[in-house]
Amino acid sequence: MKGMRIPGPFPGPFINLGPIIDPPFTDAYQWPTPDVPDDVRPVESATFEPPLSDELAMRAQEVALDSNEMSSQLAGMHYEVMGVTLLWAGKEEPPQPVVVVYRYNDDVVLEAALDPEAQRVVELAKKHYQPPLSPAEEERARELVAEHAVLVKAGIDVAHGHGIAISEELPKSPRRGHRLEDLRFGPEEHRWPSAWAVVDLSAGDVVTIGVYPQSYSVNSPMTGG
């Protein structure tokens, strides 16, 4: 199979294996169609069964939230269950389910470790960090952006934005330690987003919001400019 040659100190030619972007971006460099290798052979692989089943995760969450240890920490508080994960104490020990809860009132992460069968809470830890966003948090952030109305009036579809958790590091900022989400909005077929918003889930408000200018080129494969 013939390969492509590229400028620079590369031995070339090389096989073009992508990227494959589906659906393709309409506002970005259009990469050449990937090569189809001549010699394609199947590879055997084992099926991995995740040790944390849906049943175990649901039981762990119910037991943790109903426990005295956790319920005493959440009474009258604004919180969200982040999810359930597994903790391996050692090679010979079975993994323990850990239920992660974020408490927005004081931005504390509660980690309830249960016994391997998820029958009881064996330890409750309080920590300060930003876990990955939960689906419920992303939905709440989009609702706050919609209520703000700036992007809606600009014709931006705010129902399908996606975000990541970020941290405010300025020591004197009133939002330091808060649960912040940085969102981007735009059509799926566009590489560059149409708008942005930063939402403070701890305070329940929008920090900053705006629409990106759409003045850029799509000729460069790396920068778009």
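The basis for the numbers below is simple: all heavy atoms, side chains too, and nothing from hydrogens, waters or symmetry mates.
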| task | Test Glu111 against Glu123 for side chain to side chain contact (heavy atoms under 4.5 Å, CB included), laying out the working first. | result | CA-CA 8 Å; Glu111 293 185 351; Glu123 182 181 5; over 6 Å; no
| Between Asp106 and Arg103, is a side chain to side chain contact (heavy atoms under 4.5 Å, CB included) present by the stated rule, with each step listed? | CA-CA 6 Å; Asp106 51 3; Arg103 193 170 64 192; 2.7 Å; yes
| message | Would Val109 and Val100 count as a side chain to side chain contact (heavy atoms under 4.5 Å, CB included) here? Give the steps. | response | CA-CA 7 Å; Val109 177; Val100 182; 3.7 Å; yes
| query | Can you list the steps and then say if Arg176 with Leu170 is a side chain to side chain contact (heavy atoms under 4.5 Å, CB included)? | reply | CA-CA 7 Å; Arg176 181 176 173 84; Leu170 293 177; over 6 Å; no
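Ala197 and Val145 get closest at one heavy-atom pair: CB-CG2, 3.8 Å. Taking each heavy atom of Ala118 and Val63 in turn, the nearest pair found is O-CG2, 3.4 Å. Scanning all heavy atoms of the two residues, the minimum distance from Val84 to Leu52 falls at O-CD2, 3.3 Å. Shown here for Val211 and Ser194, the closest heavy-atom pair between the two residues is CG1-O, 3.4 Å. Here the closest non-hydrogen pair linking Gly161 and Arg142 is O-NH1, 2.8 Å. The two residues Pro97 and Ala60 come nearest to each other via the heavy atoms CB-CB, 3.9 Å.
Considering only heavy atoms from C-beta on, Leu183 stays 4.5 Å or farther from His162 through its side chain. Proximity of Val158 to Val152: side-chain heavy atoms (C-beta onward) are separated by under 4.5 Å at one or more points. Using a 4.5 Å heavy-atom cutoff, the side chains of Glu168 and Ile166 are not in contact. A 4.5 Å side-chain heavy-atom check between Pro51 and Leu86 finds at least one atom pair inside the cut-off. Val199 has its side chain out of reach of Leu180: every pair of non-hydrogen atoms, C-beta onward, lies at least 4.5 Å apart. Within the 4.5 Å cutoff, the side chain of Leu144 has no heavy atoms near those of the Asp205 side chain.
A donor-acceptor pair under 3.5 Å is absent between the side-chain atoms of Glu189 and the main chain of Thr26, judged by distance alone. Side-chain atoms of Asp115 come within 3.5 Å of backbone N or O of Arg120 as a donor-acceptor pair. Ser173 places a side-chain N or O within 3.5 Å of a backbone atom of Arg175 that can act as its donor or acceptor partner.
In this structure, CE on Met82 lies 10.5 Å from CG on Leu110, to the nearest 0.5 angstrom. A distance of 9.5 Å separates CD of Gln61 from CE of Met70, quoted to the nearest 0.5 Å. Here the OH-NE2 distance, from Tyr212 to His190, works out to 15.0 Å after rounding to the nearest 0.5 Å.
Between the side chains of Asp200 and His178, at least one donor N or O lies within less than 3.5 Å of an accepting N or O. Between the side chains of Asn105 and Tyr79, no donor N or O sits under 3.5 Å from an acceptor N or O.
Of the residues Glu138, Glu80, Arg140, the one that meets the side chain to side chain contact (heavy atoms under 4.5 Å, CB included) test with Leu201 is Arg140.
Between Arg59 and Glu62 no salt bridge is recorded (no basic side-chain N to carboxylate O distance below 4.0 Å).
Stacking of Arg179 on the aromatic ring of Tyr104 is not recorded, the 6.0 Å distance cut-off and the 45° axial limit not both being met.
One hydrophobic cluster, built from ILVMFWY side chains closer than 4.5 Å, holds both Val150 and Ile156. In this structure, Val99 is a member of the same hydrophobic cluster as Leu74, with clusters built from ILVMFWY side-chain heavy atoms closer than 4.5 Å.
In Met77, the CE atom is crowded: over 12 heavy atoms of neighbouring residues, nucleotides or ligands sit closer than 6.0 Å. Within 6.0 Å of the CD atom in Glu139, the count of heavy atoms belonging to other residues, nucleotides or ligands exceeds 12. Atom CG of Asn68 has 12 or fewer heavy atoms from other residues, nucleotides or ligands within 6.0 Å.
Taking the ring centroids of Phe185 and Trp196, they lie at or beyond the 6.0 Å cut-off.
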